[in-house]
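Letters go in sequence order (proteins before strands), and every chain restarts at 1. Heavy atoms only: backbone and side chains are in, while hydrogens, waters and symmetry mates are out.
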Amino acid sequence: MVEKDPSVRVRFAPSPTGMLHIGGARTAIYNWAFARTMGGTFVLRIEDTDPERSTEENTQIILRAMRWLGLSWDEGPEVGGPCGPYFQTQRTETYQAALDKLKAEGRVYPCFCTKEELDAKRAKAEAEDGGYAGYDGTCRCLSKEEAQARIDAGEPHVWRIAVPRDRGTIQFDDAVYGHMSFPAEAMDDMIVCRSDGTFTYNFAVVCDDANMGITHVIRGDDHLSNTPRQVLIYEACDFPVPVFAHLPMILGPDGHKLSKRHGATSVEEYRDRGYLPEAMVNFLALIGWSLDGETTIIPEDVLCENFTLDRINRKDGVFDETKLEWMNGVYIREMDADTWVEAATPWLAQAYADGVRVDAGVTMVPTPAKEEQEERARQTRVPGDGVDVELWQKALAHVADHPALFRAIFPLVAERLVRFDEIPAKLSYLFWGPNVQLDEKSVAKVLTKDGARADEALAICREVLAGLTGDWDEDVTMEACKAKGEAAGLKPKQLFQPLRVAVAGNMVSPPLFESIKLMDMADVLARIDATVSAVF
RNA sequence: GGCCCCGUCGUCUAGCGGUUAGGACGCCGCCCUUUCAAGGCGGAGGUCGCCGGUUCAAAUCCGGUCGGGGCUACCA
């Protein structure tokens with residue numbers, strides 16, 4: 001049992017410049033899980049200071065992704081809180097106030113160097129042997145009077161922190177990386193306020209974190225080198241320095257930083273491909289953190305009772321989708337039928353729409369290559385692109401109107417599903433009505449192969465099925481077929497595989513008799529007849 | 001160039017001076033079985049990047065080295 005500390009305040013501070021990235025989601029999860037296990041507060045703050053890239057729409061997308069993952073925040077957009085506002089664009093007064101204080105105390109100075117001058121200096125320094133060592137402090141040497149005169153003259157200027165000359169080595173203890181030490185020479189006087197009067201990221205974050213009473217800053221590894229600069233800002237402002245905990249990065253399968261070319265990188269894309277939020281959270285939590293090195297299935301409540309900073313590791317981790325798929329399957333199998341129908345509704349509707357659209361009679365379709373199948377599943381979008389609106393509405397209504405049917409389907413596919421986007425391909429045969437779509441390879445291997453005796457098998461099964469009345473039992477029926485088949489010298493496999501192909505169109509399908517039970521018997525018989533006449 | 005970080009089976013990881021280096025995914029085999037799965041059982045994969053040192057004893061401590069990554073903006 002982890003000891004609680006309700007005074008803990010952490011925050012997740014995304015920039016609304018795009019979707020919620022996998023790496024960002026992991027950072028959010030760690031902050032959230034830490035707040036929950038400590039009994040502290042989880043703050044959500046939107047860093048929308050970049051007007052070029054930040055949009056209201058992106059903010060909504062991120063909030064939606066957070067909610068989908070189940071990462072509820074205690075303070076932030078839409079829920080408010082005592083430290084608001086929670087958008088950086090609405091906090092400029094607080095930055096200005098902090099800057100005014102720094103000016104009054106002489107801890108910042110105006111710098112009139114232009115971007116061009118600085119770029120030139122940097123380029124020159126980099127070309128020489130010593131290399132670039134940061135801003136050279138030209139304007140720091142200006143007299144107060146001269147600086148004021150140039151400001152009064154309207155000369156453009158930024159404000160820079162005057163790092164104390166005798167500051168010495170900058171040190172702090174990172175909860176993940178341990179004791180960190182940076183030589184003072186490596187720190188130049190960073191800009192806190194731009195020439196247009198806006199504030200830089202490093203300054204805004206420090207002010208926000210301090211003003212919001214953040215006790216632990218849990219964020220990506222890429223900020224580690226920025227941290228000493230921020231420590232200097234904390235010190236200049238007389239703010240207490242929080243505990244830092246930097247997280248290792250998440251890499252793509254090729255060992256490089258996860259990016260678009262690795263495929264899906266946003267939480268939404270994974271949602272649309274039929275991953276469960278519970279699985280995403282569990283999986284992401286395990287990249288860079290472990291409960292005990294043994295446990296891999298860690299439900300939300302366990303995570304929120306046991307997440308500690310000291311078990312975060314320092315090594316970058318590769319995002320391995322195969323393991324995510326396995327884990328998603330685990331969570332699917334643990335669902336109950338009702339929850340499943342609700343969560344999978346769009347894909348179930350898709351399955352229905354696909355099934356209904358199948359051509360009348362018997363159609364032969366080529367067997368797709370494995371990659372092609374994968375690709376097709378990935379392209380399945382919700383609500384189905386390319387499906388006409390009317391059919392889509394009808395499909396949704398069908399799902400809504402037949403809850404018992406779809407609940408009954410769950411046990412047939414639960415242990416065969418790894419993602420929901422596999423549902424249409426796996427289940428559309430249930431909705432074919434009297435029509436059949438035959439997979440070429442299955443026909444060749446099961447129906448027309450020499451010595452298969454598929455026609456006999458179908459006749460036997462058809463006879464048994466046709467004789468059924470009322471509420472029949474699948475096991476009894478199956479045994480009845482088996483007995484007749486045995487009498488004719490047909491093994492179970494020889495008997496049932498043809499039936500499977502005739503009914504489901506493929507030699508691979510969910511359980512046969514259980515499927516038939518969910519369909520209209522007249523349709524099933526029609527499929528058998530149509531297949532027989534088309535193939536033999 | 002400078003500063004900082006990382007390096008245990010293919011992948012996620014446990015390990016914190018003495019373990020046959022443990023677990024999970026994936027892979028292979030067997031069992032179950034009308035298909036595919038799921039499940040059960042078993043197996044192959046690490047000598048802990050490399051070199052040297054400390055020690056009776058090192059994946060675990062120290063030094064060096066190689067490789068990978070981050071930061072070094074009037075971006076966040």
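- Not one side-chain nitrogen or oxygen of A/K315 sits closer than 4.0 Å to the OP1 or OP2 atom of B/G69.
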Just distance, no hydrogens or angles: give the donor-acceptor pairs under 3.5 Å from side chains in residues 108-116 of chain A, sequence neighbours left out.
{"unit_1": "A/Y109", "atom_1": "OH", "unit_2": "A/D189", "atom_2": "OD2", "d": "2.6"}
{"unit_1": "A/T114", "atom_1": "OG1", "unit_2": "A/E117", "atom_2": "N", "d": "3.1"}

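- For A/R314, a side-chain nitrogen or oxygen approaches OP1 or OP2 of B/C6 to under 4.0 Å.
- Partners of A/R167 by salt bridge (charged side-chain N to carboxylate O under 4.0 Å, His left out), not counting sequence neighbours, listed by chain and number: A/E235.
- Under the Watson-Crick and G-U wobble criteria, each requiring two contacts below 3.5 Å, nucleotide B/G63 is paired to B/C51.
- With distances taken from any side-chain atom of A/D320 to the nucleotides B/U13, B/U34, B/U11, the minimum falls on B/U11.
- If you check every strand for non-hydrogen atoms under 4.0 Å, A/G288 touches sugar and phosphate atoms only.
- For A/F182, the side-chain atoms get nearest to B/C4 when compared with the rest of B/C4, B/U11, B/G39.
- Counting non-hydrogen atoms under 4.0 angstrom, A/D292 reaches the backbone sugars and phosphates but no base.
- For the pairing with A/R11, the side chain to side chain donor-acceptor pair (under 3.5 Å) check across A/D209, A/D208, A/N31 returns one residue only, A/D209.
- Of the candidate nucleotides B/A37, B/C74, B/G22, B/C74 has the atom lying nearest to any side-chain atom of A/V158.
- Between A/Q497 and A/D48, the one whose closest nucleotide on RNA chain B sits nearer the 5' end is A/Q497.
- Using a 4.0 Å cut-off, some side-chain N or O of A/R333 falls inside it from OP1 or OP2 of B/G39.
- Taking 4.0 angstrom as the limit, A/H256 places none of its side-chain polar atoms (N or O) nearer than this to OP1 or OP2 of B/G68.
- The shortest distance between the side-chain N/O atoms of A/N313 and the OP1/OP2 oxygens of B/U13 is below 4.0 Å.
- Shown for residues 191-198 of chain A: residues whose heavy atoms fall under 4.0 angstrom of RNA chain B, namely A/I191, A/R194, A/S195.
- Residue A/W326 has its side chain nearest to B/C25 when only B/C74, B/C5, B/C25 are considered.
- Proximity of A/T322 to the phosphate of B/C25: no side-chain N or O atom is located under 4.0 Å from OP1 or OP2.
- Side chain A/K323 to base B/A24: a donor-acceptor pair is found below 3.5 Å.
- Among the atoms of the strands shown, only primed sugar atoms or phosphate atoms (P, OP1, OP2) are found under 4.0 Å from some heavy atom of A/M180.
- Distance from the side chain of A/F513 is smallest for B/U34 among the nucleotides B/U34, B/A14, B/A76.
- Picking from B/A38, B/U34, B/U13 the nucleotide with the shortest atom distance to the side chain of A/S290 gives B/U13.
- When heavy atoms are screened at a 4.0 angstrom cut-off, A/C461 is found touching no nucleic acid atom at all.
- For A/R122, the side-chain atoms get nearest to B/C74 when compared with the rest of B/C4, B/A37, B/C74.
- Within 4.0 Å of A/S15, counting heavy atoms only, lie sugar-phosphate atoms of the nucleic acid but no base atom.
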